[in-house]
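Notes follow once the structure below has been shown.
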Amino acid sequence: MPWLRVADALKAPVGTQVTVKGWLRTRRDSKADGGLSFLSVHDGTCFDAIQAVAKAALPNYSEIARLTTHCAVEVDGTISPTPKGGNEIQATAVRIVGLVDDPDHYPIQPKQHSFEYLREVAHLRVRTNTFGAVARVRHCLAMAVHRFFDARGFYYVHTPIITGSDCEGAGHMFRVSTLDLVNPPRPGAAPGPSVGGAPPAPGAVDFSRDFFGKETHLTVSGQLNVETYCCALSRVYTFGPTFRAENSNTSRHLSEFWMIEPEVAFADLASNAALAEAMLKELFDAVLTQRPDDMAFFEQRIERGIIERLRGIIEKPFRRLPYTEAIDILLASGKPFEFPVKWGLDLQSEHERYLTEQHFKQPVVLTNYPKQIKAFYMRQDDDAPTGPNVPPGSRTVAAMDVLVPGIGEIIGGSQREERPDRLDARIEEMKLPIKEYWWYRDLRRYGTVPHAGFGLGFERLVQFVTGMQNIRDVIPFPRAPGQCEF
RNA sequence: UCCCCGAUAGCUCAAUGGUAGAGCGAGCGGCUGUUAACCGCUAGGUUCUAGGUUCGAGUCCUAGUCGGGGAGCCA
């Protein structure tokens, strides 16, 4: 008999002889027709399980009648309609492949479990409805990302995970080292082979003897590297893991997460924002059309209205809003914010939430932030901002944040500073180690072009699409401070 | 990292400083084309960890670990 995925067996014509292989969700027994068991079998190929009907006449029925949740089985049988509509399998054979040992203590039971509990059994939680659905939606989004960029002539660039520059500028980094932590080499200590690099300061650890001959870390962003490929291939993107050693304990932060970073040559901030908007809309559309089964589940059990919200976002243009105007709106709102609203200060969560959830009720692209609160590589705007709330002498940069209701910042990006003198001036101003940026600055010396890009937090995207509240529940094995089991 | 809250059976939760309980799940039986099934019986506990107060601590105190909500850092 042909082995069908459960997704295909559910659509197969009545009368088809099939084999399905998978795991039991539940078993229910009946004494009707001389005794039968209903086995709900799923294999992860779609949200639904298929019901197999096993009659007492089967030679191994006494074993079948003892099957419990997540026992592995192979079922041969004939596709038939159920009395209530839909397909089921009239089993001619049920082969028991793997039993569940000690079902009383098996961590996953046919009942609602809290997400906090399931996180402690992350190796098994993917067998549940919710985490199976999250896994499929996550895959669907990842594939849609690649399709979106491929269709527009972007090249997928594998930027390095290990970085030798500690100047990527986005928070604390994880050290990568093969040195002996207990007794690291120091100058003046027992001599050993030096791999290379500058002589260390007295008393400091001698990283010239480390694996790469210098200090190395896990990357906090592929952007600086991908800019080099952008300045040769025109349209590129990275999609890979990113590491932040920050002590963040929130439902929106991970120590290890995946980020999508496109970079486009001969592009300005406006086209950057347009790309971000087109991408998000296409991703939402992909999930709605390709995973209606899983999205129906999220709609029903995780967040009411999520499907309509995504549809609404696809249909309406995003709101564009310069930072200066956002300040005007916040000041005019009369809301008693906990943190001050003042031109030059960064917006707090409560301010962003007011804009997306109350004032506009839709995604908002905030642009042209004060230069003092943004990164060194962002392009300095030629025009000075004007308005009643702008202090004299203020300057902005071509930065953008895409804010969405519920999550907040989902994308951060900018047009990059392509003018060598202006870039150097910013590096000096911010007292960054200019020597470390030698190859990044070379891009401005040799055939510089305006270019722009952004970073999309993949897990935040999955969160937004599914309505899952905690980011630790949209990545298979979350890494967070104090959390690296599995 | 900061503020607030929490941790008791496999899971979700009760228990005035004085004998540790229920529902679900599991095992056994009954009933039923069942599908959050239903009914009965049974088993199931180092009350997060380490100290302390007390005649006596699940309960009070201290510290830690982990989890939740909010904030910061950001994606």
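The sequence lines fix the lettering, A, B, ..., with proteins before strands; numbering per chain opens at 1.
- Nucleic acid contact class of A/Gln223 (heavy atoms, under 4.0 Å, all strands): none.
- A centroid separation of less than 6.0 Å is found between the aromatic rings of A/His146 and A/Tyr237.
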Pick out the pairs of N or O atoms, protein on one side and nucleotides 23-31 of chain B on the other, that lie under 3.5 Å.
from	atom 1	to	atom 2	distance (Å)
B/C24	O2	A/Lys111	NZ	3.4
B/G25	O2'	A/Gln109	OE1	3.3
B/G25	O2'	A/Gln109	NE2	3.4
B/G25	N2	A/Asp104	OD1	2.2

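- Proximity of residues 478-486 of chain A to RNA chain B (heavy atom under 4.0 angstrom from any strand atom) is restricted to A/Gly482, A/Gln483.
- Between the side chain of A/Glu88 and the base of B/G33, a donor-acceptor pair under 3.5 Å is found.
- With sequence neighbours excluded, the residues that form a side-chain hydrogen bond (donor to acceptor under 3.5 Å, both in side chains) with A/Tyr106 are A/His70, A/Arg127.
- Residues of residues 277-288 of chain A having a heavy atom closer than 4.0 Å to RNA chain B: none are found.
- Aromatic rings of A/Phe154 and A/Phe148 (six-membered ring for Trp) have centroids beyond the 6.0 Å cut-off, not under it.
- For B/U8 and B/G23, the C1' atoms lie 15 Å apart once the distance is rounded to whole Å.
- You won't find any donor-acceptor pair under 3.5 Å spanning the side chain of A/Gln348 and the base of B/G70, going by distance alone.
- Using atom P as the reference point in both B/A50 and B/U12, the two lie 22 Å apart (nearest Å).
- In this structure, A/Tyr106 does not count as stacked on the base of B/G10 under the 5.5 Å centre distance and 30° plane angle limits.
- Counting atom types as modelled, A/Arg460 pairs a side-chain N or O with a base atom of B/C74 as donor and acceptor under 3.5 Å.
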How does RNA chain B look in dot-bracket notation if pairs are Watson-Crick or G-U with both distances under 3.5 Å, crossing ones as [ ], other-strand ones as |? (((((((..((((....[..)))).(((((.......))))).....(((((..]....))))))))))))....

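- Taking the six-membered ring where the residue is Trp, the centroids of A/His351 and A/Phe337 are separated by under 6.0 Å.
- Between B/G18 and B/C2, the distance separating the two P atoms is 35 Å to the nearest Å.
- Each of A/Met259 and A/Arg472 lies near RNA chain B, and the nucleotide nearest A/Arg472 is the one positioned closer to the 5' end.
- Residues from residues 45-53 of chain A that place a heavy atom under 4.0 Å from any atom of RNA chain B, listed by number: A/Gln51, A/Val53.
- For B/A75, the OP1/OP2 oxygens have no side-chain nitrogen or oxygen of A/Ser221 closer than 4.0 Å.
- Nucleotides B/C11 and B/U46 place their P atoms 12 Å apart, quoted to the nearest Å.
- Taking atom P in both B/A75 and B/A36, the straight-line distance is 45 Å, to the nearest Å.
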